[in-house]
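The structure appears below as structure tokens.
Both counts, for ligands and for their atoms, begin at 1 and track the order of listing.
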Amino acid sequence: MDLSAFPRVALGSWPTPLDDAPRLATALGSPPVLIKRDDVNGLGAGGNKLRKLEFLLGQAIEQGADTIITFGALQTNHGRQTAAACAKLGLRCELVLTAKVPMKGDAYERSGNVVLDHMFGANVHVCADAEETVRAYEKVNHDKAVTLPVGGSNGLGTLGYVAAAVELVGQLSERGIDNATIVVPQGSGATAAGIALGTELLGWPGTVHAASVSHSAEEAGQELHQLAGDAAALLGAGKPELGHVTVTDDTVGPGYGVPTEEMWKVLKLFAETEGVILDPVYTGKAAVKFRALAPASDVPVVFLHTGGLPGFYGYAPEAVAQF
Ligand SMILES: Cc1ncc(COP(=O)(O)O)c(C=O)c1O
């Protein structure tokens, strides 16, 4: 697969670390555990969107864009990383955000990612519903604006995680690990889709487990297949089979962005065994799945840490009450 044919801007620090997590493995009674640290990749407090944005903004700049518009929930990590990338590249950033999570209060509404969006110089438009979101979008859209989808998830964004799969499989193989299970959170889908497609194109024998944090397993699975197919088409490859991929939704709880008791427990587990901080919306819920899967695995288990630390502070009052 040739990713060099696509325009790309340099945003993150690569490769990200692949850390051994022996105390977590002992606590779980599992085979070796590794954490792929896509939460520590540099720009704008880091996270998984930087890999997608390298391709998405590479194309936008080639198209002559001076403005980037994108969408998300109020505490979107994608919006914050897009704002940071636009700051670095000298692009105007319009964030059209919808209040879709039933969380209230200053921490959720003004702190966490939101305050960083403002610091990075983005124009933040907070909308109450879908209708207001459309109106806000139409107002800021213009000829030299490029619109990125929610979560940066389209075929092109997925290529960022195809590249990540190549990087991760290389790191595993350097350690003599040629088979593993990779657990990854799934929201808008391109992260899991890219890992799934990349590992299949490499002919890697391991498995990929996508833990949905928002949609039903059926919807999330369809999205993953669609995005992997779109990315494969961009690479000139055939439709992927993805027989090595499983998608689940049993750790979502009452809904996207709504904390669960098990999520808080697993945040504490990662923190007190490895000093690693997960977030309540994405990595925390995926790690609940990881905690269930790891002890039953007969190969090493990799947790893909996709970031989200600023979002943790959006839940500060709830975290304070827990710990
Ligand atoms: C911290 C974090 N982890 C995981 C995800 C999910 O990634 P994707 O949207 O590619 O499925 C997101 C995206 O919103 C995120 O911000």
Next item on the list: Answer yes or no: is there an ion pair linking Asp250 with Lys289, defined by an N-O contact shorter than 4.0 Å?
Entry: yes
Next item on the list: Can you pull out the closest protein heavy atom to atom 12 (C) of ligand 1? Residue, atom name and distance to 0.1 Å, please.
Entry: Lys49 NZ, 3.3 Å
Note to self: Quick test of your reading of the model: are Arg8 and Glu54 salt-bridged, counting only N-O distances below 4.0 Å?
What the structure shows: yes
Notebook entry, point to check: Is any side-chain N of the basic residue among Lys265 and Glu262 closer than 4.0 Å to the acidic one's carboxylate O?
Noted result: yes
Check: Val266 versus Phe290: any side-chain heavy-atom pair under 4.5 Å?
Finding: no
Margin query: Side chain or backbone, does Gly187 bring an N or O within less than 3.5 Å of an N or O on ligand 1?
Written below: yes
Check: So is Thr283 polar-close to ligand 1, meaning N/O to N/O under 3.5 Å?
Finding: no
Item checked: Backbone or side-chain N or O of Asp279 under 3.5 Å from ligand 1 N or O -> no
Note to self: Please work out, at 4.0 Å between heavy atoms, whether the side chain, the backbone, both, or neither of Asn48 comes within that distance of ligand 1.
What the structure shows: side chain
Note to self: Quick test of your reading of the structure: of Gly189, Gly284, Gly47, Gly311, whose heavy atom lies closest to atom 8 (P) of ligand 1?
What the structure shows: Gly189
Checklist line | Under 3.5 Å: N/O of Asn77 near N/O of ligand 1 | finding: yes
Margin query: Please list the nearest protein heavy atom to atom 4 (C) of ligand 1 with its residue and the distance rounded to 0.1 Å.
Written below: Thr306 OG1, 3.1 Å
Note to self: I'd like to know if Ala190 contacts ligand 1, where contact means a heavy-atom distance under 4.0 Å to any ligand atom.
What the structure shows: yes
Item checked: For atom 9 (O) of ligand 1, closest protein heavy-atom neighbour -> Ser188 OG, 2.5 Å
Next item on the list: Would you check the N or O atoms of His78, main chain and side chain alike, for any that come under 3.5 Å of an N or O of ligand 1?
Entry: no
Note to self: Tell me whether Gly151 reaches ligand 1 (any heavy atom closer than 4.0 angstrom to a ligand atom).
What the structure shows: no
